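Source: prediction; values computed, not measured. Values below: all heavy atoms of this structure, side chains included; hydrogens, waters and symmetry mates excluded.
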Protein chains: 2
Amino acid sequence: MHSYTEENYLKALFNLSADKGEVSANELSKQLGIKMPTVNSMMKKLSVKKLVHYESYKPLRLTEKGKKEAGLIIRKHRLTEMFLVQKLGFGWEEVHEIAEQIEHLHSPNFFEKMDALLGYPKIDPHGSPIPDKTGKMEWIKYEKLSSCKEGDTVRLAAVIHTTDDFLKFLNLRELSLGVKLKIKTVEKFDGSMTVSHSKKGSDTLSHIVCDRLLVEKL
Amino acid sequence: MHSYTEENYLKALFNLSADKGEVSANELSKQLGIKMPTVNSMMKKLSVKKLVHYESYKPLRLTEKGKKEAGLIIRKHRLTEMFLVQKLGFGWEEVHEIAEQIEHLHSPNFFEKMDALLGYPKIDPHGSPIPDKTGKMEWIKYEKLSSCKEGDTVRLAAVIHTTDDFLKFLNLRELSLGVKLKIKTVEKFDGSMTVSHSKKGSDTLSHIVCDRLLVEKL
DNA sequence: TAAATTTGTTAGATAAGTCTAAGTTCTTAC
DNA sequence: GTAAGAACTTAGACTTATCTAACAAATTTA
């Protein structure tokens, strides 16, 4: 079994290496808020445990074993978030911090029960995929709202970079997963978009916002 | 805030000092499975934090502050147990271990939500009282089954020394909280009792078993 | 009450995870 | 292509929670 601390390193590596598959020690250090030398020695430790490929002055990479372990932690995190929203009535902006703690519990039964009670969900409350029991995770190929064109009609499918603040911003505008949006105008000079949605009339969203919203074209 | 470790010491002190109000370092050491010198130094540390009254070679006592903190941890533990049984469908013999982990979570909201969802329960699945939000706890004055007499009719109200094995033993005999029992015979030589209960006919229970069952006389 | 046993304390070691300071290697910019 | 800066590594210190070994006090027992 891995320590609470090790699990956090694995999770951070997994999240950071989503695209490139490689992570610099520096990125990892910043992500975790832990100083470089500490990260360095932990990487050596995880390397001995065959969870990370470590070579001096080279970027870091999770091993297959490391990916699996990390995937399983993220599975617990996302199942928990779903549970908190669906069964305990939390808002999607409130669940991250609690899930950060619960993801480290050692009790297969507990997560098994949550999973069953939720009907084996495939995504968490923010639309991120929940890894399966082998730690494997697959993103459905959504588009960024920012890459859509005037006149497109889309369904909001997922939110990335889910900080509390950003989620509260979306709450205020009643932008929740599943809402249908019609893109009315796209501004050339700053990439901001005016979109309308059924309930709430229309909103203007900055490019940064549109970049964080993943949508499905209808 | 206190560490995970400190919380476990507080909880153990609280549980051990239920009756006398005093605990020997030796008892505490055995209870926690931690060696005496370690316990000793932790007691000094908790004493500095004003959670424990510590004097060389004297029994240990929680301060008022210590009792409150401990009570709040036990509150979280018992609320969690109730939640796991009532909302996740666990058996009363399965929940202790999971609650041992969840009790250390830092999230007032989480426990608040559970409490509300359960309808502010006063007892846990084993009949033990759940401390209130100030950490105060009161045992309802139940009798031990072992102190009842032939002919008495009683309701099973709580179980003490709730090990997994003992709870499974009770499961097999369908002895759950609330069942009505009629005491048919009490053996003089070993204190064992034969009791009958509605569903299951009669059972013979050893003195040790009867000593762990708290009942309400009807 | 004196010896034996149990209980409690002190001292010092160890492991995990963190840090700062100092040195190395790699990358970038001129 | 070298100098400057960024990224990485090494060395050594600190904290928390644990241990063992050795010693001291209290309690039990004979």
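A/Glu27 places its CD atom 10 Å from the P atom of D/dA7, with the value rounded to the nearest Å. Nucleotide D/dT18 holds its C1' atom 8 Å from the CD1 atom of B/Ile34, rounded to whole Å. The distance between atom NZ of A/Lys58 and atom P of C/dT27, rounded to the nearest whole Å, is 10 Å. When rounded to the nearest whole Å, the span between NZ of A/Lys35 and C1' of D/dG12 equals 17 Å. Note: CE (A/Met43) to C1' (C/dG17) measures 12 Å, nearest angstrom. Regarding B/Met42, its CE atom lies at a distance of 11 Å from the P atom of D/dC19, rounded to whole Å. Distance, B/Glu7 CD to D/dA17 P: 11 Å, rounded to whole Å. In this structure, B/Asn8 places its CG atom 11 Å from P of D/dA17, rounding to the nearest Å.
Of the listed nucleotides (D/dC8, C/dG8, D/dA11), D/dA11 has the atom at the smallest distance from the side chain of A/Pro37. In the set C/dG8, C/dA11, C/dT18, the nucleotide with an atom closest to the side chain of B/Met36 is C/dG8. Taking only side-chain atoms of B/Tyr57, from C-beta outward, the nucleotide of D/dC8, D/dA25, C/dG17 with the closest atom is D/dA25.
A donor-acceptor distance shorter than 3.5 angstrom exists from the side chain of B/Glu27 to the backbone of B/Ser24, with no hydrogens or angles considered. Not a single donor-acceptor pair under 3.5 Å links the side chain of A/Arg212 to the backbone N or O of A/Thr162.
An OP1 or OP2 oxygen of D/dC19 is reached within less than 4.0 angstrom by a side-chain nitrogen or oxygen of B/Thr38. At the phosphate of D/dA17, neither OP1 nor OP2 sits under 4.0 Å from any side-chain N or O atom of B/Ser41. Dashed line: the shortest gap from a side-chain N or O of B/Tyr9 to OP1 or OP2 of D/dT18 is under 4.0 Å.
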One pair to check against ring-ring contact (aromatic ring centres under 6.0 Å, His included): B/His77 and B/His96. What are the steps and the verdict?
CA-CA 8 Å; B/His77 182 99; B/His96 182 74; 4.9 Å; yes
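Residue contacts shown for B/Thr5 are limited to sugar-phosphate atoms, with no base heavy atom under 4.0 Å away.
Within the cation-pi definition used here (under 6.0 Å to the ring centroid, within 45° of the axis), B/Lys67 does not qualify as a partner of B/Phe14.
Between A/Tyr4 and A/Ser56, the residue whose closest nucleotide on DNA chain C is further toward the 5' end is A/Tyr4.
Within a 6.0 Å sphere centred on NZ of B/Lys217, heavy atoms belonging to other residues, nucleotides or ligands number more than 12.
A salt bridge links A/Glu100 to A/Lys11: one of the charged nitrogens lies within less than 4.0 Å of a carboxylate oxygen.
Residues from residues 44-55 of chain B lying near DNA chain D, meaning a heavy-atom separation below 4.0 Å, are B/Lys45 in numerical order.
Taking the six-membered ring where the residue is Trp, B/Phe83 and A/Phe83 present perpendicular rings, their angle passing 60° and hence far from 30°.
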